[in-house]
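Below you'll find the structure, written out as structure tokens, and then a few comments.
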Protein chains: 2
Amino acid sequence: MKSTIPDTGIPLAPPADNGGDRQESSLHGEILLRLRDYVVEGNIPDGARVPERQLCEMLGISRTPLREALKVLAAEGLIELLPNRGARVRQLSQRDLEELFDVMAGLESLAGRLACEAITDEEITAIEQLHYEMYGHYLHRDMHGYFQTNQRIHESIVAAARNETLKTAYTNFAGRIRRVRYSANFARKRQRWAEAMREHEAILDALRRRAGSELSDILFQHLRNKRVAAIEHLTEPQENAPASP
Amino acid sequence: MKSTIPDTGIPLAPPADNGGDRQESSLHGEILLRLRDYVVEGNIPDGARVPERQLCEMLGISRTPLREALKVLAAEGLIELLPNRGARVRQLSQRDLEELFDVMAGLESLAGRLACEAITDEEITAIEQLHYEMYGHYLHRDMHGYFQTNQRIHESIVAAARNETLKTAYTNFAGRIRRVRYSANFARKRQRWAEAMREHEAILDALRRRAGSELSDILFQHLRNKRVAAIEHLTEPQENAPASP
DNA sequence: AGGACAAAAAATGAATGCAAAATAGGCGGC
DNA sequence: GCCGCCTATTTTGCATTCATTTTTTGTCCT
């Protein structure tokens with residue numbers, strides 16, 4: 001019985017919890033949010049079945065809203081629905097990952113271009129601030145902090161693009177990749193750090209000059225390089241222990 | 001009773017039809033495909049309710065699979081689900097449209113960049129072929145043919161990017177815009193033709209040279225210009241009659 | 001006549017029930 | 001001992017049913 005959800009005792013987020021800040025009136029919506037997190041956080045192994053019955057008990061609901069949530073998750077690309085065989089967590093091939101990274105690169109590249117049209121000086125200052133913070137993490141070899149701040153920088157750029165449609169798509173794709181990170185112990189390589197820092201300097205520079213097309217290029221390349229490092233990392237043995245939470 | 005689906009007698013695609021070429025084993029999948037087309041083709045007015053009961057009768061199914069399909073369409077951004085108030089066709093504001101166009105521009109821009117890495121000479125030849133065909137339509141003032149061929153060119157570029165994830169996202173967003181076209185009589189302006197043709201020449205040129213970053217730029221600008229023309233068109237009176245089908 | 005309130009009607013959201021398919025388990029054969 | 005086949009159980013997919021909420025309609029009052 002390996003297809004059982006790892007019974008960590010975690011009740012799939014406390015029922016009365018209502019998450020961090022979001023709210024959802026409908027039950028299927030609530031279920032969707034919790035189930036999405038549950039999958040993204042890697043609580044179900046790659047390719048494993050998503051047992052309806054068991055989840056219903058866990059969540060204390062009937063199958064109808066759960067199945068509705070599953071359909072949506074399938075549309076989002078997190079799980080796949082095999083006819084008459086239920087839902088499985090989508091197993092991403094290396095090729096899938098490469099594609100995902102490229103799409104993310106495209107979206108961030110677009111975000112950078114759009115951001116140059118609309119970003120305020122204050123937002124740039126805020127990003128510079130994050131950049132220095134990140135540099136501090138870099139100096140202290142704090143991979144976890146570095147990674148978090150790095151992510152906030154990229155999110156800031158996406159936010160500065162002033163495009164909710166883009167932001168939604170970005171978040172969706174980011175979730176798929178995040179799942180891989182969670183479940184596959186997806187640490188970055190130290191050797192990429194210095195290079196990445198340099199690239200970030202170039203990003204900031206282009207952003208300050210509002211050089212949209214240039215920034216677009218730099219961002220794409222930056223993400224491309226990340227992709228190479230990340231994908232390599234999947235096949236090779238791990239270089240360093242995962243950062244502790 | 002304006003919220004009634006226009007009763008054109010069309011039974012929402014003949015039940016035994018099975019569409020053009022695709023096939024779907026599950027009922028909700030089948031329903032999803034048909035309903036998506038139905039919405040995209042503008043059969044339900046903007047912002048109108050999507051009456052479950054009526055659709056169930058039309059499709060000869062129960063509410064369960066229909067509701068599952070609706071959840072997915074909502075996730076795709078074609079409709080929106082108001083709590084306890086059912087589904088409505090999503091009404092896109094002008095801002096929404098601008099955002100959509102920009103995201104499409106970003107995706108095509110990405111597609112062009114990736115295509116330069118992988119496209120074969122044969123594919124380029126095929127696109128050149130389409131280009132000449134399109135030029136013919138341009139000379140004959142055949143807007144409908146022009147538009148169709150133009151679309152095929154852009155699809156060819158996306159296909160040449162060799163990225164299924166990108167292609168899926170592209171198709172999704174294209175659907176949302178297509179709905180606006182169908183329902184809002186979204187003709188292009190003649191005055192854009194000459195300019196668009198020139199841009200297409202530049203696209204082909206960059207493609208031949210496999211100049212990824214350059215092509216990326218050109219495609220983004222090309223789509224941006226389209227956006228301006230299209231959005232303007234929404235507020236202004238129509239310049240010319242819609243092409244006959 | 002117009003508006004506000006209230007009851008009826010309809011629609012939605014979720015739970016349950018049922019047929020069909022898939023999986024698991026047991027049995028016999030080789 | 002291992003493989004294939006047949007049956008029992010589980011699981012899936014859809015229909016149906018039930019409880020709320022919303023919307024409509026009718027009536028009364030100002």
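In what follows, every chain begins at residue 1, and chains take the letters A, B, ... in the order their sequences are listed.
Mapping G29(A) and P83(A) onto DNA chain C by nearest heavy atom places G29(A) closer to the 5' end of the strand. Between E52(B) and I61(A), the residue anchored nearer the 5' end of DNA chain C, judged by the nucleotide with its closest heavy atom, is E52(B).
Rounded to a whole Å, the CG atom of L81(A) is 14 Å from the C1' atom of dT11(D). For the pair L55(A) CG and dT11(D) C1', the computed distance is 13 Å after rounding to whole Å. The nearest whole Å value for the distance from the CZ atom in R88(B) to the P atom in dA11(C) is 13 Å. Atom CG of L32(B) and atom P of dC14(D) are 12 Å apart (whole Å). Summarising the geometry, the separation between CG on L27(B) and C1' on dA19(C) is reported as 14 Å, rounded to the nearest angstrom. Rounded to whole Å, the distance from CG on N84(B) to C1' on dA19(D) is 12 Å. The interatomic distance linking I31(B) (CD1) with dC14(D) (P) rounds to 9 Å, in whole Å. Atom pair R63(A):CZ and dG13(C):P shows a separation of 20 Å (rounding to whole Å applied).
Every residue two or more places apart in sequence or in another chain that forms a side chain to side chain contact (heavy atoms under 4.5 Å, CB included) with A161(B) is listed here: A111(B), L114(B), L166(B). Qualifying side-chain hydrogen bond (donor to acceptor under 3.5 Å, both in side chains) partners for T165(A), counting only residues two or more places apart in sequence or in other chains: E99(B). Residues passing the side chain to side chain contact (heavy atoms under 4.5 Å, CB included) test with Q91(A), sequence neighbours excluded: D46(A). Residues satisfying the side chain to side chain contact (heavy atoms under 4.5 Å, CB included) criterion with T168(B), sequence neighbours excluded, are absent altogether.
Within the structure, side-chain hydrogen bond (donor to acceptor under 3.5 Å, both in side chains) pairs that include any residue of residues 70-86 of chain A comprise R36(A)-E76(A) (at least two apart or interchain).
Under 4.0 angstrom from either OP1 or OP2 of dT23(C) there lies at least one side-chain N or O belonging to R85(A). OP1 and OP2 of dG13(C) both lie 4.0 Å or more from every side-chain N or O belonging to H28(A). For R49(B), a side-chain nitrogen or oxygen approaches OP1 or OP2 of dT12(C) to under 4.0 Å.
With a 6.0 Å cutoff to the six-membered ring centre and a 45° limit on the axis angle, R224(A) does not count as a cation-pi contact of F101(A).
Residues of residues 64-71 of chain A having a heavy atom closer than 4.0 Å to DNA chain C, listed by number: T64(A), P65(A).
No more than 12 heavy atoms of other residues, nucleotides or ligands sit less than 6.0 Å from atom CZ of R53(B).
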